[in-house]
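To keep things clear, I will list the structure first and then write my remarks on it.
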Protein chains: 2
Amino acid sequence: MSGKPAQTRASGDEVAVDDRSVAARLFAILDAFGAPTGATSLTLTLTAIAQRANLPLSTTHRLVAEWVSWGGLSKHENGQYSLGMKLWELGVQTPTARNLRTIALPYLEDLYETTREHVHLAILDGRDALYLEKLSGHHVVRLISRVGARLPLHSTGVGLVLLAYAPTDVVQEYLATSLQRFLPRTVTEPEAVRKRLAEIRLIGIARMSEEMTAGSSSLAAPIRDRTGQVVAAVSIVTRTTDTVDPEQEQAVRLAAQGVSRALGYRRAQQ
Amino acid sequence: MSGKPAQTRASGDEVAVDDRSVAARLFAILDAFGAPTGATSLTLTLTAIAQRANLPLSTTHRLVAEWVSWGGLSKHENGQYSLGMKLWELGVQTPTARNLRTIALPYLEDLYETTREHVHLAILDGRDALYLEKLSGHHVVRLISRVGARLPLHSTGVGLVLLAYAPTDVVQEYLATSLQRFLPRTVTEPEAVRKRLAEIRLIGIARMSEEMTAGSSSLAAPIRDRTGQVVAAVSIVTRTTDTVDPEQEQAVRLAAQGVSRALGYRRAQQ
DNA sequence: CCGAGAACTTCCACTGAATGGAAGCGCAGG
DNA sequence: CCTGCGCTTCCATTCAGTGGAAGTTCTCGG
């Protein structure tokens, strides 16, 4: 109702201009719900979103409203916002997620039933192993992994398998950076990693022991599509024991082969 | 390099202006990948996106590029676009999807193991049952349902359970519209549906038979959170048989109770 | 009960970012 | 070689988005 001009920009001050596009700002808002403060920041207030996205409050308000009206964010009674169901709906439509998961799930279930261990399905995405699926039973054991998590390639069973069958330039680039050591047994030396990769290609299975989480080991095997390319990896994560259980190895191999066959892979001329 | 003005808008012609905001246009692009032509249109060309989103090609080009740079869409070698992994990553972070799924999955696995039937987990979203999870084994039987699918409330086991415990105004509104009859046995008459809902509330389980898919029946039970509110439903879908298997009913009930307990529900004073 | 403060919502003049028609490019088929 | 189709780039125009500020609501403490 007032007639006063609102914009009163400070005269000589150098204002760091924000040259992000509208789209980039919208994305920044969603990214605010990502991993920043870690695990449990799944719900944010408007102000918190504005801070994380580094946007003025009024702009945030308007853009958040756009997200909410579309369903990408949802507003709760208490005024907090969280990621909306629409994102989930579209997310599960993502081709790789949808197809791989659908096809692999039954085999993962079988693997879980026969071994009763944590079962993982992961793909290579950028420099990480991206966890597509996880079956865990009622174990009290907490693992770092969860669906949607990203874990390093060199310290996880699935990661090492994915790396073993990745294009050489990917391996090259990955090993060019310094690899984080999580536990004393984590292999971080590039040449040592290369040796392991070669061994994995030879025997078709990766054996990890106490390299990411104390007390747990894993067995992982590659999943191939109809072109023979490795597109994913399955693993089971067990409590570390002295002996390697050949039956477990067999179970992991069978699961990987089952999924591969379902994807159209026909055993190559051995 | 030319100096000619590009914009040569037809003079007297009435141009239907598009008053969608940038955000709305961006969303329209994602929606183009949704359900429009049905199931398998998971990959589109630029032109196809422009058509479906009803946007000029150049605008589409620019906005699609924004999505791609963020990871919401990904561009394949052949020039086709599909939903990107980023959407999946954010999607699985969605609170309800994440929490419910994580908590429920082990119980769903148990249910699958004991019954060996299709297992479903769904929530009420708008006027539909939204399928959060589905375990299916290697059955050849094709079901309509899949993760992320939306199916009607009155013709599915989970749907009817969700409706039975929904707020009265939701029920009112749902029954106010005409309900689709899929098969001869689908109950579509509002009063008849209300009767079923009352029965479900009484016995705590929904029994459906040949109301959505010929030859299959389902048993569904409600999942409650710590406040006692019904937040989801589990079901098994079986081939229709003459007799009701009390053990199956028991298994479904147990699964629902298990999840409810895990969500913090303590059996109310009966 | 009132006042301070924090968080959210609305307002609106200004402007630069988004727009989209057209031209340019690249490729496949005739 | 030409034609047609689909994608990419260009850029003058303009209007949608912007964000500072004022208004509103809610909570907490005195």
Side-chain angles (χ1 to χ4, degrees), chain A residues 1-30 32 41 43-70 73-82, chain B residues 1-30 32 41 43-70 73-82:
Chain A
M1 296 288 177
S2 100
K4 276 182 268 175
Q7 215 87 332
T8 325
R9 180 156 289 161
S11 49
D13 268 334
E14 193 51 55
V15 184
V17 286
D18 183 350
D19 59 352
R20 284 179 290 181
S21 66
V22 187
R25 291 166 204 226
L26 280 164
F27 300 154
I29 285 176
L30 276 206
S41 75
T43 156
L44 297 172
T45 68
L46 189 66
T47 316
I49 299 172
Q51 282 167 356
R52 290 175 179 231
N54 194 27
L55 288 170
L57 194 60
S58 50
T59 302
T60 309
H61 183 256
R62 200 162 13 84
L63 297 183
V64 163
E66 299 257 26
W67 277 118
V68 170
S69 81
W70 182 66
L73 290 179
S74 57
K75 187 177 189 170
H76 300 268
E77 337 67 50
N78 51 31
Q80 303 248 316
Y81 294 87
S82 68
Chain B
M1 296 286 176
S2 100
K4 277 182 269 175
Q7 216 85 335
T8 325
R9 180 155 289 160
S11 48
D13 268 337
E14 193 51 55
V15 184
V17 286
D18 183 351
D19 59 352
R20 282 180 290 180
S21 65
V22 187
R25 290 165 204 226
L26 280 164
F27 300 154
I29 285 176
L30 277 206
S41 73
T43 157
L44 296 172
T45 68
L46 189 65
T47 315
I49 300 172
Q51 282 167 356
R52 290 176 179 230
N54 193 27
L55 288 170
L57 193 59
S58 51
T59 302
T60 309
H61 182 256
R62 200 162 11 87
L63 297 184
V64 163
E66 299 257 27
W67 277 117
V68 170
S69 81
W70 181 66
L73 290 179
S74 57
K75 187 179 189 167
H76 301 268
E77 337 68 49
N78 51 31
Q80 302 248 315
Y81 294 88
S82 68

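A, B, ... follow the sequence lines: proteins, then strands. Residue 1 opens every chain. Atoms considered below: every heavy atom in the structure, side chains included; atoms not considered: hydrogens, waters and symmetry mates.
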Students often mix this up, so state it plainly: with edges at 30° and 60°, are the rings of Trp70(A) and Phe27(B) parallel, tilted or perpendicular? parallel
Would you sort out whether Leu30(B) and Leu73(B) count as a side-chain contact (heavy atoms from CB on, under 4.5 Å), showing the intermediate values? CA-CA 8 Å; Leu30(B) 277 206; Leu73(B) 290 179; 3.7 Å; yes
Interatomic distance where CG belongs to Leu55(A) and C1' belongs to dG20(D) [whole Å]: 15 Å
Identify, between Thr45(A) and Arg20(A), the residue whose nearest nucleotide on DNA chain C lies closer to the 5' end. Thr45(A)
Got a donor-acceptor pair under 3.5 Å from the side chain of Ser58(B) to the base of dG21(C)? yes
Closest to the side chain of Thr59(A), out of dT10(C), dG19(D), dT19(C), is dG19(D)
Whole angstrom is fine here: how far is it from CG in Leu46(A) over to C1' in dT24(D)? 15 Å
Just checking Arg25(B): base, sugar-phosphate only, or nothing, at a heavy-atom cut-off of under 4.0 Å? sugar-phosphate
Thr43(B) OG1 to Lys75(B) NZ distance, which is reported to the nearest 0.5 Å: 12.0 Å
Rounded to the Å, how far apart are Leu57(B) CG and dC25(C) P? 17 Å
Expressed as a whole number of angstroms, how long is the span from Asn78(B):CG to dC27(C):C1'? 15 Å
Looking at dT19(C), dG19(D), dT9(C), which one has an atom nearest to any side-chain atom of Leu63(B)? dT19(C)
For a 4.5 angstrom cut-off between non-hydrogen side-chain atoms, does Thr45(B) reach Asn78(B)? no
For Gln80(B) and dG6(D), give me the distance from atom CD to atom C1', rounded to whole Å. 12 Å
Counting side-chain heavy atoms from C-beta on, which of dT19(C), dA18(C), dT9(C) comes nearest to Tyr81(A)? dT9(C)
Just how far, in rounded Å, is C1' of dT9(C) from CD1 of Ile49(A)? 15 Å
Min side-chain heavy-atom separation Leu26(B)-Glu66(A) under 4.5 Å: no
In whole angstroms, how far is the P atom of dG17(D) from the NE2 atom of His61(A)? 16 Å
Nearest nucleotide by nearest heavy atom, which residue falls closer to the 5' end of DNA chain C, Ala48(A) or Arg62(B)? Ala48(A)
